[in-house]
Amino acid sequence: MVDHLGFIVAAYALTATVLLGLVVWVVADGRAQKAALAELDRRGVRRAGGGR
């Protein structure tokens, strides 16, 4: 087990880095989408199915 400790730590570190990157990406994209929707709302654009 000790022989592979470096590999295990590196694998966990890489996995944590990738997951953190995905979380940051999703949060940033969510904020961008909210901003885009707010801009459309400000301009008065409505959804096609909004009256249902």
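Cluster membership for Leu14 and Trp25, using ILVMFWY side-chain heavy atoms within less than 4.5 angstrom, is shared.
In this structure, CG in Leu22 is found 12.0 Å from CG in Asp29, a value given to the nearest 0.5 Å.
Side-chain contact check for Arg46 versus Asp41: some heavy-atom pair is nearer than 4.5 Å.
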